[in-house]
Amino acid sequence: MRYEFSAIEKKWQAIWQENGTFRTGESTEKPKYYVLDMFPYPSGSGLHVGHLEGYTASDIIARFKRSRGFNVLHPMGWDAFGLPAEQYAIKTGTHPKITTENNIRSFRETLQAMGFSYDWSKEVNTTDPVYFKWTQWIFLRLYEMGLAYMSDVDVNWCEELKTVLANEEVDEKIADGYTVVRKPLRQWVLKITAYAERLLADLDELEWPENVKQMQRNWIGRSEGVEIDFELRCHGKNLRVYTTRPDTLFGATYLVVSPEHPLAEKLATADNLKEVKAYISRAKLKTELERTGLQKDKTGVFTGSYAINPATGNPLPVWISDFVLISYGTGAIMSVPAHDSRDWEFAKKFNLPILEVIKSPHDVNDAVFEGKESVPVNSSNSEITIDGLAFRKAFDTMASWLEKKGVGKRTINYKLRDWIFSRQRYWGEPIPIKHYEDGTLRTETSLPLTLPDVEAYQPSETGESPLATIHDWLYGSDEFGSFRRETNTMPQWAGSCWYYLRFIDPENSGRLIDPEREKYWMNVDLYIGGAEHAVLHLLYARFWHKVLFDLNVVSTVEPFRKLFNQGMILGEDNEKMSKSRGNVIPADHVLKTYGADAVRLYEMFLGPLEQVKPWNTNGIEGISRFLGKVWRLVYPEQEGNKAELTDETMPEELLRRLHKTIRKVTEDTEALKFNTAIAEMMVLVNELQRNGCRNRTAVESMILLLAPYAPHITEELWQATGHTGSVTDEPFPDYVAGLATDSVVQIAVQVNGKLRGTFSTPAGTPQNSLIETARNVESVMKFLEGKTIMREIVVPDKLVNFAVK
RNA sequence: GCCGAAGUGGCGGAAUUGGUAGACGCCCGGGACUUAAAAUCCCGUGUUCAGCAAUGGACGUGCGGGUUCGAUUCCCGCCUUCGGCACCA
């Protein structure tokens, strides 16, 4: 009988669905394993082979863990709010709900055609009111805790999309060709900064790729420093700066404030006022890109004012420059040009003095020296000296002295900013807040607050969402008076901040999640997804999770214990897959040609899961051949029936091969090294085939090893070998440690480290016997002839090396 | 510029408490089966030199050094690619 993947795959997918094979167990007796994919945005262009990589990996783990006795939760859902459906609605008038439903259906079909063992009874959809009721519920808790507030902020406004973007989204949109400008708007903001310290500290415990943890650390950007007050001459006021290098205070030769600094204009003396005003208004007009982007030519203007260096008593000129950011620290800095490259550059351009206060290997007038490993010089006054102290000691001495004098204060700063949370769009969760005429805000009493139907999806020019035009929905009154609803909606990140919790208890109408279930299932044991979410989604979700922890909704401080980033799959041209390049390999196409089992195996066989690697359609042929060989272990003839499996004992070498393979596949699967696990199975199948082996244990073990990887063909063959149940219910094969090693080993014989011959010997042959045999290997003898053996190095069961002279 | 990861045959990749480099697969070449083809099976396949051949030698894991009996693996100095951050004081 021939291997007809198409019929077999359809057959088993139907059986699984009918029998509810992958329903999550209700019992809490078994150990649990929660394996989660980053759920997709169901786009109109469908899934390509790259999307399937992570899903295949998680599915192999899900099936593997089931066969190892775990109660497995492996769910799938849809992150379905978002711009593309809304943009499509603007163009065509089709309600985003319709578009979304269609896309979800198509995505679900593809995922089912891949044979993924999701428990579809747990499916969630962020646009479903039953789901977003709880997204809104969380928002209200944030509001009550003071973690959600309204603020007039300079937002990132996207002209084309008519909406505000999160800081984290800006670069991505600019890269996509959108225009982003700064614009002041009243916005909802989430106080993620209140959790900065915990978000940073708790990273240490997580089993995440080191680079992702590092990226989050950088993004949070904690720094320890000192705020120092500089007395302004002729102003009677102080100018406060933030520095992480108080040890260089003696070398400060000028100060710089940001153009947005409240004192900026006030600092200008009569002579300089005109120029200062001009500079400030020019800075305002610059876009974010011009100010922080690639062009780093320093500009600035002198205010005419001076401030006193508290360490030296010297007057320092105060400048204004847009390289100083108002949003970080105090919006003002002390400049130490000798030991900071930006300050050095600025000093050179405007001819300001450069003073060496850290012992430098070269003249600081020629080049900056930023090293922290050197020590302070020229840093003494009548009260204090830090000369010669190591960085940490110098920092502390200086900070304490400043604090004692009342002109300084140790401070911790973060790069992390609060999260601008509102979007002026239709297709998102409505923010459940009512604005009363007297300016007070109250929370909606009844959730979910659903979206009304609208005629036009186009946002208004004023920066309000289309919801502002639906008067029936917008206005109302209650015992507190008449109110207007909030018309902003939440960003797409909102729904994905907590979906992993809802999978545990998706139908609960009374609470977000049942506490007992939560305790059993959390944390997520393995979370697989793309590295593009290293900061955004993963930081937001961790933030919300910690809030929910503080609310006693969840029992763990972190949501995702282990994270794994699959590497991107490139097109056959070695470029990122994209429509414009025309190198996209659509999932449905390869599924049809090669079948789900072959696609699953091939995606995993391409190379290490975490690595970026190109797709090569030729390569999948090898996998198809492999599946054919597996098939012929049971059905050796194209025509005719299956072979009888025998219970005869296997040759010892084959038996050892089997146990070695079981061990390797078990270990590699556990470690997500699927490429080498598959290679090992190929070795076993080649051996069985070459030997015409029909041993029942061998063939059945092989089927069970392969089952997590290629579920359809293995179900079929399991049935063909006389079993009635599903392979899903079978335990993963065990190996016997004593059989998982070779009984006869090859010994390499080297002379001076060069390979000169080999011989076979039983494992465990004693050293002197190895040396004796090695010495008499013919190809070795001629290299020993006439030489003196200085040393014999033996690695048992591996190698003998003669060091000769 | 800073941080992180990686450089191995024609290609994807394997092997690192230092121990036979190139598992497995693709491509390519030869053969068997077949009227023929497909499918399948068998053999070969890092480079180079010597030889009719069996075979044997040299070289070979980005580059240059070092440690070692022995280095893809460890150390020092470079180069390149990819990912991230980018005036955060």
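Order of the sequence lines fixes the chain letters, A, B, ..., with proteins taken first and strands second; residue numbering starts at 1 for each chain.
- Note on Arg222(A): nothing from the nucleic acid sits closer than 4.0 angstrom, heavy atoms only.
- Across rA23(B), rG19(B), rA89(B), the shortest atom-to-atom separation from the side chain of Ala679(A) is found for rA23(B).
- Backbone-only engagement by Lys782(A) is indicated by non-hydrogen atom pairs under 4.0 Å involving sugar-phosphate atoms exclusively.
- Searching all strands for a Watson-Crick or G-U wobble partner of rG1(B) with both distances below 3.5 Å returns rC85(B).
- Partner of Tyr602(A) under the ring-ring contact (aromatic ring centres under 6.0 Å, His included) criterion, out of Trp615(A), Phe626(A), Phe674(A): Trp615(A) alone.
- The shortest distance between the side-chain N/O atoms of Arg625(A) and the OP1/OP2 oxygens of rA39(B) is not below 4.0 Å.
- Using the Watson-Crick or G-U wobble rule with both distances under 3.5 Å, rC11(B) pairs with rG25(B).
- Under the Watson-Crick or G-U wobble criterion, with both distances below 3.5 Å, rG64(B) is paired with rC76(B).
- Residue Asn686(A) is in sugar-phosphate contact alone, with no base atom involved, counting any heavy-atom pair closer than 4.0 Å across all strands shown.
- Between rC42(B) and Gln689(A), a contact under 4.0 Å exists linking OP1 or OP2 to a side-chain N or O.
- Rounded to a whole Å, the CG atom of Asn565(A) is 12 Å from the P atom of rG84(B).
- Cation-pi geometry between Lys298(A) and Phe323(A) is met: the NZ or CZ atom falls under 6.0 Å from the ring centre, inside 45° of the normal.
- The 12-atom threshold is not exceeded at NZ of Lys409(A), counting heavy atoms of other residues, nucleotides or ligands nearer than 6.0 Å.
- For Pro608(A), the side-chain atoms get nearest to rA14(B) when compared with the rest of rC24(B), rA14(B), rU20(B).
- Summarising the geometry, the separation between CD1 on Ile747(A) and P on rG19(B) is reported as 15 Å, rounded to the nearest angstrom.
- Within 90° of 0 lies the glycosidic angle of rG9(B), which makes this nucleotide syn.
- Closest to the side chain of Leu799(A), from the set rG12(B), rA89(B), rG19(B), is rG19(B).
- As judged by a 4.0 angstrom heavy-atom cut-off over every strand, Ser223(A) is placed among residues touching the sugar-phosphate backbone only.
- Between the CG atom of Leu688(A) and the P atom of rC41(B) there is a distance of 14 Å, given to the nearest Å.
- Nucleotide rG12(B) holds its P atom 17 Å from the CD1 atom of Ile623(A), rounded to whole Å.
- Rounded to an integer number of Å, the gap from Glu572(A) CD to rC26(B) C1' is 12 Å.
- Going from atom CH2 of Trp615(A) over to atom C1' of rC26(B) covers 13 Å, rounded to whole Å.
- Rounded to an integer number of Å, the gap from CD of Glu621(A) to C1' of rC11(B) is 16 Å.
- Put simply, CD on Glu610(A) is 11 Å from P on rG13(B), counting in whole angstrom units.
- Across all strands, Asn801(A) comes closer than 4.0 Å to base atoms (heavy-atom distances).
- Base pairing of rU40(B): its partner is rA32(B), meeting the Watson-Crick or G-U wobble criterion (both donor-acceptor distances under 3.5 Å).
- Counting any heavy atom pair closer than 4.0 Å across all strands shown, Ile793(A) reaches a base atom.
- Within the 4.0 angstrom heavy-atom criterion, only backbone atoms of the sugar-phosphate kind lie near Val683(A); the bases stay farther away.
- With distances taken from any side-chain atom of Phe783(A) to the nucleotides rU40(B), rG57(B), rG12(B), the minimum falls on rG57(B).
- The pair Lys660(A)-Asp742(A) meets the salt-bridge criterion, since a charged nitrogen lies less than 4.0 angstrom from a carboxylate oxygen.
- In the set rU20(B), rC85(B), rC41(B), the nucleotide with an atom closest to the side chain of Lys629(A) is rC41(B).
- Using a 4.0 Å heavy-atom cutoff across all strands shown, Gln746(A) reaches at least one base atom of the nucleic acid.
- Phosphate contact (OP1/OP2 of rC41(B), side-chain N/O of Arg632(A), threshold under 4.0 Å): present.
- Sequence order on RNA chain B of the closest nucleotides to Asn616(A) and Lys798(A) puts Lys798(A) first from the 5' end.
- Checking rU20(B), rA89(B), rC3(B) against the side-chain heavy atoms of Asp340(A) singles out rA89(B) as nearest.
- The nucleotide rG51(B) finds no pairing partner, because no Watson-Crick or G-U wobble arrangement with both distances shorter than 3.5 Å includes it.
- Distances were taken from every side-chain heavy atom of Asn618(A) (C-beta onward) to each of rC27(B), rG13(B), rC87(B); the shortest belongs to rC27(B).
- For rG46(B), the paired base is rC59(B) (Watson-Crick or G-U wobble, both distances below 3.5 Å).
- Ion pairing of Glu197(A) with Arg222(A) is present here, as a side-chain N (NZ or NE/NH1/NH2) and a carboxylate O approach within less than 4.0 Å.
- Dashed line: the shortest gap from a side-chain N or O of Arg690(A) to OP1 or OP2 of rC41(B) is not under 4.0 Å.
- Close to rC26(B), at under 4.0 Å from its OP1 or OP2, lies no side-chain N or O of Lys613(A).
- In this structure, Arg392(A) satisfies the cation-pi test against Phe395(A), with its NZ or CZ atom closer than 6.0 Å to the six-membered ring centre and inside 45 degrees of the ring normal.
- Thr758(A) comes within contact range of at least one nucleobase, with a heavy-atom separation under 4.0 Å.
- A donor-acceptor contact under 3.5 Å is formed by the side chain of Gln750(A) with the base of rG19(B).
- For the pair Tyr414(A) and Glu680(A), nearest-nucleotide mapping onto RNA chain B gives the more 5' position to Glu680(A).
- Checking rG13(B), rU40(B), rC26(B) against every side-chain atom of Asn675(A), the shortest atom distance belongs to rG13(B).
- rG18(B) is unpaired under the criterion used here, namely a Watson-Crick or G-U wobble arrangement in which both key atom distances are under 3.5 Å.
- In this model, a donor atom of one side chain and an acceptor atom of the other lie less than 3.5 Å apart for Tyr709(A) and Thr669(A).
- A donor and an acceptor atom, one from each side chain of Thr193(A) and Asp418(A), are located under 3.5 Å apart.
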